[in-house]
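Everything below concerns the one structure shown next.
Here is how names work: the chains are called A, B, and so on, in the same order as the sequence lines, proteins then strands, and each is numbered from 1.
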Number of protein chains: 2
Amino acid sequence: MDIRTRLIDTAEQLFDRHGFTATGMDRLTHGAGISSRTLYKHVGSKNRLLAIVLDERDRRFMRSLASAVSVDDLFGALGAWFADEGARGCLFLRSWAETGGEVPEIVEAMTRHKARLRQRIEEIVEAETGRRDDELAESILLLVEGVTHAATYRGSATVDVALRAARRLVEAAMV
Amino acid sequence: MDIRTRLIDTAEQLFDRHGFTATGMDRLTHGAGISSRTLYKHVGSKNRLLAIVLDERDRRFMRSLASAVSVDDLFGALGAWFADEGARGCLFLRSWAETGGEVPEIVEAMTRHKARLRQRIEEIVEAETGRRDDELAESILLLVEGVTHAATYRGSATVDVALRAARRLVEAAMV
DNA sequence: TCCAATGTAAAACGATCACTTTACTTATGC
DNA sequence: GCATAAGTAAAGTGATCGTTTTACATTGGA
């Protein structure tokens with residue numbers, strides 16, 4: 001496995017499980033099995049490493065939603081994501097908050113991800129209902145954001161609740 | 001103003017705006033205008049300070065929901081909270097995640113708060129519909145959690161979207 | 001009046017932070 | 001076959017971390 005990939009995977013896990021600031025560079029180098037010199041050659045700084053981690057996570061997350069054409073698909077994919085990766089809240093928002101919104105590259109990574117997510121939901125809603133519906137898309141976004149955070153303390157059954165609520169909102173918007 | 005109150009208020013603002021780990025003890029002592037010796041006499045440790053901050057925030061938050069008997073009241077109170085305090089995501093979940101779920105007193109403060117929130121929503125739903133409805137309450141919780149986090153990047157108009165979605169779910173549950 | 005409590009300022013604690021540097025080894029490609 | 005690139009281990013950078021301690025000032029109640 002490529003050094004850079006190994007580093008980014010390790011960093012994503014450590015940042016997600018223990019927090020960004022709480023994760024020291026030595027934990028990262030030991031975890032990835034590389035020297036600190038190599039780490040800095042590859043990613044330049046801790047902040048930049050986080051930005052790269054977030055971009056990579058965004059790509060992987062969006063890939064998991066790639067084939068979704070209904071809210072059933074959407075929440076199915078979310079449930080699979082939580083089962084695979086765990087549910088500890090949105091890493092993008094957590095990274096943004098932990099750095100006080102003061103690190104531009106992290107603000108941008110968060111903003112990019114959220115814009116893509118919103119766009120993807122818009123597409124799914126259009127595929128499901130046959131027309132654009134901003135209000136419905138925004139409501140579904142709220143349920144997605146809600147289940148992402150509620151699943152951390154109420155467990156994965158919350159995904160089913162979110163799906164049923166989404167279905168109700170779709171039905172209500174169809175008439 | 002009481003020293004302890006001043007300390008807790010200062011800590012809540014700094015933790016919320018800049019993150020828990022990123023906030024050093026010197027920022028806290030300077031912010032509250034006290035010596036580090038006094039800080040430690042009063043709260044014992046940084047982790048304990050955070051736990052106290054969270055408990056105090058929970059009391060204040062619950063007080064802001066005290067008179068709510070409908071989803072209109074609920075999301076009205078939420079909108080007022082965001083307007084007063086800003087919207088940077090749930091401080092309880094953020095604190096829990098930043099400390100990796102490894103600090104018992106913070107895990108407990110988060111758990112207590114979420115249990116109270118869930119209970120309060122259950123009561124509001126019962127007041128609105130005239131009967132207990134776990135599924136509806138859980139859906140409203142998802143919208144509350146959703147708007148808490150989506151408002152950080154989509155602004156306060158999201159509160160209205162959440163309210164309209166909640167009304168739809170209430171209507172759908174009434175028939 | 002004097003003891004105890006409560007506060008301050010400031011230094012010291014050892015640990016750890018992100019990051020750089022030095023000195024050396026190991027591959028790779030022309 | 002030899003320069004170049006890419007890696008290692010490990011020491012060192014100065015700053016900052018959370019916390020404790022020392023030495024001293026102020027104050028309120030028995």
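Protein atom NZ of B:K46 is 8 Å distant from nucleotide atom P of D:dT19, rounded to whole Å. The CG-P distance, from A:L50 to C:dA18, rounds to 12 Å in whole Å. One can place CG of B:L7 at 15 Å from C1' of D:dG18, the figure rounded to the nearest angstrom. A:R6 places its CZ atom 13 Å from the C1' atom of D:dA6, with the value rounded to the nearest Å. In this structure, the CG atom of A:D26 is 12 Å from the C1' atom of C:dC19, given to the nearest Å. Between the CG atom of B:L39 and the P atom of C:dA9 there is a distance of 13 Å, rounded to whole Å. Here C:dT26 presents its P atom at 16 Å from CD1 of A:I3, a figure rounded to the nearest Å. When the P atom of D:dG18 is taken as reference, atom CG of B:L49 falls 11 Å away, rounded to whole Å.
No N or O donor and acceptor, one from the side chain of A:R27 and one from the base of C:dT16, sit under 3.5 Å apart. Residue side chain A:R37 reaches the base of C:dT22 through a donor-acceptor N/O pair under 3.5 Å, judged by distance alone.
Using a 4.0 Å heavy-atom distance criterion, A:G33 is classed as a sugar-phosphate-only contact. Among the heavy atoms of the strands lying under 4.0 Å from B:T23 are primed sugar atoms or P, OP1, OP2 only; no base atom is included. Across all strands, B:S45 comes closer than 4.0 Å only to sugar-phosphate atoms, never to a base (heavy-atom distances).
Put simply, A:T38 has a side-chain N or O that comes within less than 4.0 Å of OP1 or OP2 on D:dT8. Between C:dT6 and B:H42, no contact under 4.0 Å exists linking OP1 or OP2 to a side-chain N or O.
Of the candidate nucleotides D:dT19, C:dC19, C:dT8, C:dC19 has the atom lying nearest to any side-chain atom of A:Y40.
Of the options B:Q119, B:R118, B:R120, a side chain to side chain donor-acceptor pair (under 3.5 Å) to B:E122 is made by B:R118 and by none of the others. If you run side chain to side chain contact (heavy atoms under 4.5 Å, CB included) between A:F20 and each of A:L50, A:L49, A:L14, only A:L50 comes through.
Residue B:M174 is grouped with residue B:L136 when hydrophobic side chains (ILVMFWY) are merged at heavy-atom distances under 4.5 angstrom, including chains of intermediate members. A:M62 and A:L54 fall within a single hydrophobic cluster, where Ile, Leu, Val, Met, Phe, Trp and Tyr side chains are chained together by heavy-atom contacts under 4.5 Å.
The residue among A:S36 and A:K41 whose nearest nucleotide of DNA chain D lies closer to the 5′ end is A:K41.
The closest side-chain donor-acceptor pair between A:T29 and A:D26, if any, does not fall under 3.5 angstrom.
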